[in-house]
Amino acid sequence: VIAGSADGNGSGHRAVRWSSQVGPQNLGILPGGTYSGANAVSADGSTIVGLANSADTSHYVAMRWTSAEGMQALSEVPQATASEAVAVSFDGSVITGNVYLNKRYFAYRWTSEAGMQLLPGLSGFEDFWGCAISSDGSTIVGYCQRNSEPRAQVAFLWRSDLGMVSLPQYLALRGVDVSGWQIETAAGISADGSTITGGGRYNGQSQAFIVRGLFPASCPSDLDGNGLVNSGDLALLLLEFGGMDPCSPDLDESGVVDPGDLALMLLDFGRCP
């Protein structure tokens, strides 16, 4: 399943869902609206998030689309003047993005139970953007920006047990060598939250980065991060069978994906602890 946006047939800009079974599907607009756009799709393909406008607001609002409920605006914090949904958890139950409030941008975490909750920011920075979220919705990464002099930008990491922390400072405390780096943006995170990628400057040159092993996976056999070890994880392992790449699911750390890894996965089959 792929999510994106399209213009066509005079209908204006619309969020689109594509699947091999159905092909492209126009997701429509909010009541009275003229625009919708998609930014991300959940890992199981059930939920698409982005932004749209409607007759009820004079600004763009974060939206969530499901096949069961169609397109709905996310509940905003009071007095917000714009919002956008940027990333979504495995099953679509947790969303992150940004909201514009009192001439500042704030990163948020949204659930159907709690609604849109602003993430506490880092001291000395004015604007915050949420960019990516782990499979279970427990970890969010993004970046902070200081608009006053001296201007600066830094990547952040948010977890329910940590709050928001500066990613380069956190990495340094974990023993990662960040000398020469200005880590400015965290743009992607793996399903289990253990791997983060983004960009910045290394010795003055623009560079991408990837850091692995931040949080040991509690259930390594759960390759797709949905809380279960099942046929989906088995399929992913078999796709990598014989692989020796460091990113392959080498569960027993033997250097190759082989029958030993398959045996470990079968032992873990079922719900993760």
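Side chains are part of it too, since the values below use all heavy atoms of this structure and drop only hydrogens, waters and symmetry mates. Note that this is a predicted model, so its numbers are computed, not measured. One is the number of the first residue; the rest follow in order along the sequence.
- Under a hydrophobic clustering in which Ile, Leu, Val, Met, Phe, Trp and Tyr are joined whenever their side-chain heavy atoms come within less than 4.5 Å, directly or via other members, Val77 and Met63 fall into different clusters.
- The main-chain N or O of Thr139 is found under 3.5 Å from a side-chain atom of Ser134 such that the two form a donor-acceptor pair.
- Residues Asp258 and Asp252 form a side-chain contact, since some pair of their non-hydrogen atoms from C-beta on lies under 4.5 Å apart.
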Could you pull out every donor-acceptor pair under 3.5 Å between side chains of residues 16-25 and any protein atom, sequence neighbours left out?
residue, atom, partner, partner atom, Å
Arg17, NE, Gly45, O, 3.4
Arg17, NH2, Gly45, O, 2.9
Ser19, OG, Val22, N, 3.1

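- For the pair Gln207 (side chain) and Tyr202 (backbone), a donor-acceptor distance under 3.5 Å is absent.
- Remark: side-chain polar atoms of Ser36 are paired, donor with acceptor, to backbone N or O of Ala15 under 3.5 angstrom.
- Contact annotation: the side chain of Phe269 never approaches that of Ser221 to less than 4.5 Å [non-hydrogen atoms, C-beta and beyond].
- Of the listed residues (Leu251, Asp250, Val257), just one forms a side chain to side chain contact (heavy atoms under 4.5 Å, CB included) with Ser254, and that residue is Asp250.
- Ile48 and Leu30 fall within a single hydrophobic cluster, where Ile, Leu, Val, Met, Phe, Trp and Tyr side chains are chained together by heavy-atom contacts under 4.5 Å.
- Val88 and Ile2 end up in different hydrophobic clusters when Ile, Leu, Val, Met, Phe, Trp and Tyr side chains are linked at under 4.5 Å.
- Minimum interatomic distance between Ala186 and Val141 (heavy atoms only, all atoms of both residues): CB-CB, 3.6 Å.
- Considering CZ of Phe125 and CD of Gln145, their distance stands at 9.5 Å, rounded to 0.5 Å.
- Nearest heavy-atom pair across Ala107 and Phe156 is CB-CZ, 4.1 Å.
- Aromatic ring pairs are classed by plane angle as parallel below 30°, tilted from 30° to 60° and perpendicular above 60°; the pair Trp129 and Tyr143 is parallel.
- Contact annotation: the side chain of Asn98 approaches that of Val86 to within less than 4.5 Å [non-hydrogen atoms, C-beta and beyond].
- Scanning both residues, Phe106 and Leu101, for their nearest heavy atoms gives CE1-O, 3.5 Å.
- With hydrogens and angles disregarded, a donor-acceptor distance shorter than 3.5 Å links the side chain of Asp44 to the backbone of Ser46.
- Within the 3.5 Å criterion, the main-chain N or O of Gln117 finds no donor-acceptor partner in the side chain of Arg109.
- Considering every non-hydrogen atom in both Met164 and Gly121, the closest pair reads SD-CA, 3.8 Å.
- In the hydrophobic clustering of ILVMFWY residues, with side-chain heavy atoms under 4.5 Å counting as a link, Trp181 and Leu214 come out together.
- Note: the hydrophobic cluster containing Tyr170 does not contain Leu122 (ILVMFWY, side chain heavy atoms under 4.5 Å, direct or indirect links).
- No donor-acceptor pair under 3.5 Å is formed between the side chain of Arg64 and the backbone N or O of Gly70.
- For Thr185 against Gln153, the heavy-atom pair with the smallest separation is OG1-NE2, 3.0 Å.
- Nearest heavy atoms, His13 versus Ser5: NE2-CB, 3.2 Å.
- For residues 73-90, the side-chain hydrogen bond (donor to acceptor under 3.5 Å, both in side chains) pairs, not counting sequence neighbours, are Asn39-Glu84, His59-Glu76, Glu76-Ser83, Ser89-Asp91.
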